[in-house]
S.K.: 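Can you read through this structure? Questions will come right after.
Keep in mind the model is a prediction, meaning the values are calculated, not measured.
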Amino acid sequence: LSRANGDLHVPDSTSVVMSTERLTSDSGVRTLVDTAYSLSQQIGGLAFWFVGDGPERETIFNRLKSDGLRQSIAMPGSFALMDDAFVAADILVQVGDEGFQSHIPAAIAAGIPLVIADSPVARAFFEVSQSDVGDHIEAQDAAYRSRDAGLSQSTEPDRFGQCVWWFNARAPGTMRRAIELIVRHHEAARSKARLGRKLFQRGRPQSSSVQSYVRLLDSIIANNENRLANRASAEGIR
């Protein structure tokens, strides 16, 4: 990868945090951008790869550069094979609702630790409830405060939604703490991600079920968009 793009060369001791979301004002990627400086101050040796394109590309680049992160970021437009990027990265952060049809399954297959923002789409994909996610975030925060790995559980997870790190997009500190836990306990985080891959493959053995799941996600996204449009229309009338 570094031969194709010199910005992708990182020392072995560096942990790569990657995003594959479109660089738009409403994609969710700004949550990671806004937190990048704080993350770099809290966690030594971080690099950020923003893989994708979009109208906010230049604005995001200038923001990160003004934060003093120019040497820590790479913004490749795309890869011929995303599998290469997922294998090279250490953490994938997903804030928005795009990518669950392709990038997230590919990242799961690569065994990369996932840091996922709570949303109806994400919960549907990972088959967890809102209360489940809240419990996960509380447990992660408790593990962070106690400097524990936060990865051991009384029973082995039986759903792959229990093998990712959750955060609240409206509380960026929950994302920072999840990322720090993963970096602090990298091997345990990788083991947890590999278990998630096994559970994902066990639960999605047939391509037909995957297609059904894609239709489910499309329906959830469409319903969310319709609800937002209706709300905007109602507020306009008032």
Side-chain angles (χ1 to χ4, degrees), residues 1 8 10-20 32 35 39 42-49 51 81-95 99-100 102-118 122-129 131-168 173-205 210 213:
L1 291 176
L8 300 178
V10 294
D12 290 341
S13 58
T14 297
S15 296
V16 175
V17 179
M18 185 168 69
S19 168
T20 59
L32 179 58
T35 314
L39 280 166
Q42 293 288 333
I43 309 170
L46 278 188
F48 300 90
W49 292 0
V51 182
L81 291 174
M82 281 300 298
D83 293 358
D84 294 338
F86 289 132
V87 170
D90 295 288
I91 300 167
L92 178 70
V93 175
Q94 176 72 20
V95 184
F100 287 94
S102 56
H103 288 166
I104 296 302
I108 292 170
I112 179 174
L114 304 179
V115 180
I116 306 292
D118 180 23
R123 292 196 299 271
F125 182 86
F126 287 104
E127 300 179 342
V128 293
S129 68
S131 62
D132 289 335
V133 172
D135 290 343
H136 279 291
I137 293 174
E138 287 184 10
Q140 288 164 187
D141 285 353
Y144 176 83
R145 290 190 296 270
S146 67
R147 301 195 66 80
D148 184 30
L151 307 178
S152 60
Q153 302 187 40
S154 57
T155 59
E156 183 173 288
D158 57 3
R159 292 177 295 170
F160 68 105
Q162 299 171 319
C163 296
V164 303
W165 284 260
W166 293 92
F167 71 97
N168 184 340
T174 58
M175 177 176 69
R176 177 179 58 78
R177 290 188 286 273
I179 291 174
E180 187 166 346
L181 272 176
I182 294 171
V183 173
R184 191 189 297 167
H185 306 284
H186 182 256
E187 289 305 317
R190 280 284 185 179
S191 295
K192 185 176 179 180
R194 286 192 291 269
L195 175 59
R197 176 178 59 193
K198 183 189 301 182
L199 294 172
F200 176 76
Q201 292 170 335
R202 186 185 304 164
R204 303 286 189 275
V210 174
Y213 213 70

S.K.: Could you tell me whether the side chain of Gln162 reaches within less than 4.5 Å of the side chain of His136, counting heavy atoms only?
M.R.: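 Heavy-atom side-chain distance check passes, below 4.5 Å.
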S.K.: How close do Pro105 and Gly99 get, counting heavy atoms only, and between which atoms?
M.R.: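 Looking at all heavy atoms of both residues, the closest pair is CD-O, 4.0 Å.
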S.K.: Please find the pair of heavy atoms, one from Pro113 and one from Ala193, that lie closest to each other, and give the distance.
M.R.: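 Closest approach of Pro113 to Ala193, heavy atoms only: N-CB, 3.8 Å.
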S.K.: If the condition is side chain to side chain contact (heavy atoms under 4.5 Å, CB included), which residues does Ala107 pass it with, not counting sequence neighbours?
M.R.: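 With sequence neighbours excluded, Ala107 shows a side chain to side chain contact (heavy atoms under 4.5 Å, CB included) to Phe86, Leu92, Ile112, Leu114, given in chain and number order.
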S.K.: So, do Phe100 and Phe126 sit near enough that their side-chain heavy atoms are less than 4.5 Å apart?
M.R.: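 Yes; the side chains approach each other to less than 4.5 Å.
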S.K.: Using modelled atom types and a 3.5 Å cut-off, is there a donor and acceptor pairing between side-chain atoms of Arg190 and backbone atoms of Gly111?
M.R.: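 Checked: pair present.
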S.K.: Can you sort out the partners of Glu138 under side chain to side chain contact (heavy atoms under 4.5 Å, CB included), two or more places apart, ordered by chain and number?
M.R.: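 None.
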S.K.: What is the minimum heavy-atom distance between Thr174 and Ile137, and which atoms define it?
M.R.: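 So the minimum-distance heavy-atom pair works out to CG2-CG2, 3.9 Å.
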S.K.: Are any side-chain N or O atoms of Trp166 and backbone N or O atoms of Ala178, one a donor and one an acceptor, separated by less than 3.5 Å?
M.R.: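 Looks like no, no N/O pair under 3.5 Å.
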S.K.: Any side-chain heavy atom of Trp165 within less than 4.5 Å of one from Met175?
M.R.: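 When only atoms from C-beta onward are counted, Met175 and Trp165 do not touch, as no gap falls below 4.5 Å.
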S.K.: Just to verify, what does Asp132 make a side chain to side chain contact (heavy atoms under 4.5 Å, CB included) with, not counting sequence neighbours?
M.R.: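 Residues passing side chain to side chain contact (heavy atoms under 4.5 Å, CB included) with Asp132: Val128, Ser129, Arg159.
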S.K.: Could you tell me whether the side chain of Arg123 reaches within less than 4.5 Å of the side chain of Asp118, counting heavy atoms only?
M.R.: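 They are in side-chain contact.
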S.K.: Looking at every heavy atom in both Ile108 and Gly196, which two are closest together, and how far apart are they?
M.R.: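 Result for this residue pair: CG2-O, 4.3 Å.
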S.K.: Is any side-chain heavy atom of Val17 closer than 4.5 Å to one of Trp49?
M.R.: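 The answer is no; the side chains never approach within 4.5 Å.
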S.K.: Thr14: which residues meet the side chain to side chain contact (heavy atoms under 4.5 Å, CB included) condition with it, sequence neighbours left out?
M.R.: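 Applying side chain to side chain contact (heavy atoms under 4.5 Å, CB included) to Thr14 gives Val10, Pro11, Ala47.
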S.K.: Any chance you could measure Ile43, atom CD1, to Arg177, atom CZ, to the nearest 0.5 Å?
M.R.: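 The distance works out to 11.5 Å.
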S.K.: Please report the interatomic distance CD(Gln42) to CZ(Arg176), rounded to the nearest 0.5 Å.
M.R.: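 Separation between the atoms: 4.5 Å.
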S.K.: Check side chain to side chain donor-acceptor pair (under 3.5 Å) between Arg194 and all other residues, then give those that pass, not counting sequence neighbours.
M.R.: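 Side chain to side chain donor-acceptor pair (under 3.5 Å) check on Arg194 returns Ser191.
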S.K.: Could you check Val93 against Ile116 for side chain to side chain contact (heavy atoms under 4.5 Å, CB included), going step by step and ending with a plain yes or no?
M.R.: CA-CA 6 Å; Val93 175; Ile116 306 292; over 6 Å; no
S.K.: Got Ile91 and Met18 here, is their nearest side-chain heavy-atom distance under 4.5 Å?
M.R.: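 Not touching, per the 4.5 Å side-chain cut-off.
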S.K.: Taking the side chain as C-beta and beyond, is there a heavy-atom pair between Leu39 and Leu32 under 4.5 Å?
M.R.: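 A side-chain contact under 4.5 Å exists here.
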S.K.: Holding to side chain to side chain donor-acceptor pair (under 3.5 Å), I want the full list of residues that pass it with Thr20, two or more places apart in sequence or in another chain.
M.R.: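 Residues passing side chain to side chain donor-acceptor pair (under 3.5 Å) with Thr20: His103.
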S.K.: Just how far is it from atom OG of Ser15 to atom CG of Asp90, taken to the nearest 0.5 Å?
M.R.: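 Rounded to the nearest 0.5 Å, the OG-CG separation comes out at 5.0 Å.
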S.K.: For the CG atom of Leu199 and the CZ atom of Phe160, what is their distance to the nearest 0.5 Å?
M.R.: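 Going from the CG atom of Leu199 to the CZ atom of Phe160 covers 8.5 Å.
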S.K.: A side-chain contact here means heavy atoms from C-beta on lying under 4.5 Å apart; do Val115 and Ile182 qualify?
M.R.: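 They are in side-chain contact.
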